[in-house]
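Counting from 1, the numbers follow the sequence of the chain as shown. Just follow the structure's listing: the first ligand is 1, and inside any ligand the first atom is 1.
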Amino acid sequence: MILAPDSAAPALELREVHRSYGKVAAATGLELSVRSGELVTIIGPSGCGKSTLLRLIAGLERPDAGAITIAGKVAADRRNFKQPEHRQVGLVFQDHALFPNLSVAGNIAFGLQKVPASSRRARVAEVLELVRLSHLAERYPHELSGGEQQRVALARALAPNPAVVLLDEPFSSLDETLRARVRGDVEAVLRSTGTTAILVTHDQTEALSFGDRVVVMRNGRIEQAGAPEEVFENPASRFVATFMGDADFLSAEFSDGQLHCELGRLPGSWPDAAQQLEVVLRPHEVSLSADEHGNATVISSEYRGAFTLHHVRLASGQSVHSLQMHPARFAPGQRVAARISQGTTPTVLRGGERSAGTISPSAPVLDAPSDARKSITAP
Ligand code: ADP
């Protein structure tokens with residue numbers, strides 16, 4: 001299956017790409033198709049193969065099997081292997097990797113050596129303007145802030161007009177406040193130039209907020225690739241649900257064609273199934289109200305400014321978290337009624353995987369808007 005968002009010629013395509021280091025399979029059967037101008041984030045736990053994937057695309061690693069195509073040209077397959085400098089790929093690293101002995105303009109011009117001097121100067125000026133650093137052209141890297149250095153690194157990567165820009169944890173050396181701003185700046189530049197980019201991150205917020213598609217990796221494989229909303233709201237597995245944010249899992253059972261968990265009936269109408277099922281609930285999908293005969297007891301309450309996070313125990317011993325606006329605050333030991341928040345259609349897992357195929361919304365969804373059906377539809 002090629003995960004293409006549309007039928008336009010992809011800027012980048014990986015087909016059945018494998019790469020092992022001895023017994024470690026760092027990339028197993030990777031399939032990915034990235035359309036021109038698309039911004040894709042790659043996320044997964046340490047050691048899952050994110051860097052290997054970037055290195056394979058950049059040409060710093062050779063696949064053991066499979067094919068990589070960049071801008072319609074084969075970069076690597078069984079017979080061919082293009083060196084990094086011939087791949088039309090731009091790289092931006094976490095540590096900026098600027099040449100300390102070259103000025104900002106010199107750093108950017110470095111990748112333009114094949115371009116005639118007159119056009120080179122014009123191109124340097126152009127990309128400097130793009131990243132709003134024209135006034136710093138003659139400075140040296142040590143005279144720049146971290147955010148400015150990262151914008152120079154981006155300008156340097158963009159200068160040769162690459163088919164794809166690869167960004168390897170580019171914001172992780174920046175402090176929290178600067179990070180969000182530089183991330184916004186970088187995204188704006190990539191969007192305004194229609195650049196195709198792949199960004200590796202270990203930060204969930206970054207993965208969800210930057211770009212069009214999130215690719216979640218695990219053990220050298222792509223576990224799920226989809227729009228940020230899809231990956232967060234409709235995780236393909238227990239692993240993705242847990243990795244992309246906080247989640248609780250409640251067992252679910254059928255009765256009378258309805259699916260029930262301890263917080264009540266789930267929206268939708270379901271064909272019966274004997275398998276062990278679980279409902280994925282994120283804290284914002286559970287609401288609490290004061291009720292001395294309620295189904296839950298508060299274990300703890302954590303004030304988080306605009307929100308309060310409650311942890312509650314249910315009669316069965318299972319527990320769930322609830323994140324609500326801060327006026328809803330309950331003390332430990334208090335009895336409350338816990339429900340699935342209005343308008344939520346939680347994902348249902350079977351054997352740790354999003355249930356699909358046999359469990360389909362065959363009858364009208366009862367309690368949820370019709371587009372909420374997607375969370376229980378086969379992918
Ligand atoms: P990530 O970037 O997600 O942390 P990597 O792609 O760096 O993961 O690594 C994937 C797996 O391959 C890990 O188990 C790592 O130890 C292994 N690995 C990566 N590069 C090498 C190498 N040059 N030699 C041996 N093993 C490697």
S.K.: Let me know which protein residues bring a heavy atom to under 4.0 Å of ligand 1; chain then number is fine for ordering.
M.R.: Tyr21, Val24, Ala26, Pro45, Ser46, Gly47, Cys48, Gly49, Lys50, Ser51, Thr52

S.K.: Which residues pass the side-chain contact (heavy atoms from CB on, under 4.5 Å) test with Asp291, not counting sequence neighbours?
M.R.: His293, Ala337

S.K.: More than 12 heavy atoms of other residues, nucleotides or ligands under 6.0 Å from CD of Gln83: yes or no?
M.R.: yes

S.K.: How about Arg313: does its CZ atom have over 12 heavy atoms from other parts shown lying under 6.0 Å from it?
M.R.: no

S.K.: Salt bridge (Lys or Arg N to Asp or Glu O under 4.0 Å): which pairs involve residues 276-289, sequence neighbours left out?
M.R.: Arg238-Glu278

S.K.: Go through the structure and list residues passing ring pair (Phe, Tyr, Trp, His ring centres under 6.0 Å) with Phe99, not counting sequence neighbours.
M.R.: Phe110

S.K.: Does atom CG of Asp246 have more than 12 heavy-atom neighbours, drawn from other residues, nucleotides or ligands, at distances under 6.0 Å?
M.R.: no

